[in-house]
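Just so you know, these numbers use all the heavy atoms, side chains as well, and skip hydrogens, waters and symmetry mates. Nothing fancy with the numbering, it's 1 onward along the sequence.
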Amino acid sequence: MSPFPPRRPGAPSTLTGPMMVLGAVASVVVIVGALMALGVVDLSRFGSSAPSTAGLIAVPTPAATIPAYARVRRDHLWDRANGRLAMLYLPPQTVTREMLVDISDVIGRVLEQAKEPGYVFTESDFLPRGTREGIVAGIPAGKRAIRISADRVDGLFGLHAGDRFDILATMPIAASGGGRTFNFAGPYSQEVALQAQLSNWDKQATVRVIVQSAVIVEPMTTRGVPIYQSSLTEGGTARTRPVQETVIAVSPDEVALLTEAMAVEARLTTIPRSGRPDDPAGSITPDLRPFSPFATPGGGGPGSVDSRRSDDEEDTFRVVETIMGQKRSLTAVPRP
């Protein structure tokens, strides 16, 4: 005897319903696949939280901060988190002519200043084509760069890349014994001594403007300078000493003057220039020459017009040394 009851004639099969459902699902899958292949149906937007970029223009942007004077490479634009190029999708009406839309106009160019992510590239962000990357990119054409430490030049703190400034070198005039006396003979000896006293000649300094309109190439940075020390207990050890340095650009004829001033340990002072666009670029900071009591007979004290000598000014008096046996004397004689 069969355990299953016999199917009555005309009754529907128990497998007919499920088979019909599977057949309908398969038909739908085939139809949707065909429509997707033809591009009629796009199911990629379903189930995705990313907004649609249809009708927007893709503009390249840095994926991370790109430092100044660096050559832009593909790695600077690659968003590793999303696995694609970093792009800003903007409406067509907001894209201006200054924006660089083509990625080929960005890769390979050297930046003039650091570029933050989320900002589009413009032509003003880059240096002229053909510029080498690195510190040399920030040196203006026709100038030379020199690296100086903060303990050698005062006033470098707070200056940014591109700021212009002058450098003054001050050398005090040393007086022996706390004061300098004049032992002159002749009719003009008292006049020369009086001029020296009125001008405070013993307390002066030579102030020279050795650098005009220098430019900051790299602002103040701190780096470790390796030094070697030896002791009886530890032996030879290598250590690092922090040094604050700045890279500046000066004219070629000012390199030797600045190096000489640092070699003689003159006091160097930075004089920043105005950063406003109407500041005259050709303005000159004048020098200050020491007062000479032989230059202006009857002149005023310090601060008067004729107490500051120019390079082409000649002394009014000439000093003549008279030797009589073992006795020597100096005589001030007017120049013809």
[X] side chain to [Y] main-chain N or O, any donor-acceptor pair under 3.5 Å?
X	Y	result
Thr61	Tyr119	yes
Gln244	Ala150	no
Arg71	Gly108	yes
Asp79	Leu85	no
Arg109	Glu123	no
Asp102	Ser104	yes
Asp279	Arg276	no
Thr246	Ile148	no

Check whether [X] and [Y] end up in the same hydrophobic cluster, where Ile, Leu, Val, Met, Phe, Trp and Tyr are linked by side-chain heavy atoms less than 4.5 Å apart.
X	Y	value
Ile216	Leu168	no
Ile271	Val153	no
Leu56	Met87	yes
Leu159	Val217	no
Phe165	Phe157	yes

Taking all atoms of both residues into account, what is the closest heavy-atom pair of [X] and [Y], and its distance?
X	Y	answer
Glu218	Ile135	OE2-CD1, 3.4 Å
Ala114	Ala68	N-CB, 3.7 Å
Val106	Pro60	CG2-CG, 4.3 Å
Val72	Phe126	CG2-CE2, 3.9 Å
Arg273	Ser213	NH2-N, 3.9 Å
Asp287	Val209	OD1-N, 2.6 Å

Going from [atom1] on [X] to [atom2] on [Y], what distance comes out if it is rounded to the nearest 0.5 angstrom?
X	Y	atom1	atom2	value
Leu100	Asp105	CG	CG	5.5 Å
Ile167	Thr285	CD1	OG1	11.5 Å
Arg73	Ile66	CZ	CD1	10.5 Å
Leu77	Phe121	CG	CZ	5.5 Å
Ile248	Lys143	CD1	NZ	10.0 Å

Using the ring-ring contact (aromatic ring centres under 6.0 Å, His included) rule, collect all pairs that involve residues 65-112, keeping only residues at least two apart or in two chains.
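Matches after skipping sequence neighbours: none remain.
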Could you list the donor-acceptor pairs under 3.5 angstrom formed between side-chain atoms of residues 253-270 and any protein atom two or more places apart in sequence or on another chain?
from: Glu254; atom 1: OE1; to: Ser251; atom 2: N; distance (Å): 3.3
from: Glu254; atom 1: OE2; to: Gln212; atom 2: N; distance (Å): 3.0
from: Thr259; atom 1: OG1; to: Val255; atom 2: O; distance (Å): 2.8
from: Thr270; atom 1: OG1; to: Asp154; atom 2: O; distance (Å): 2.9

In this structure, are over 12 heavy atoms from other groups packed under 6.0 Å from Arg223 atom CZ?
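More than 12 within 6.0 Å, yes.
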Are there more than 12 heavy atoms of other residues, nucleotides or ligands under 6.0 Å from atom CZ of Arg147?
yes
List the steps and the verdict of salt bridge (charged side-chain N to carboxylate O under 4.0 Å, His left out) for Lys115 and Asp125.
CA-CA 8 Å; Lys115 196 69 176 178; Asp125 295 331; 2.8 Å; yes
Does a side-chain heavy-atom distance below 4.5 Å link Arg208 with Met171?
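Not in contact.
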Are Thr170 and Val207 close enough that some pair of their side-chain heavy atoms sits under 4.5 Å apart?
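SC-SC contact between Thr170 and Val207 confirmed.
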Is it true that the side chains of Glu245 and Ser149 contain a donor and an acceptor less than 3.5 Å apart?
no
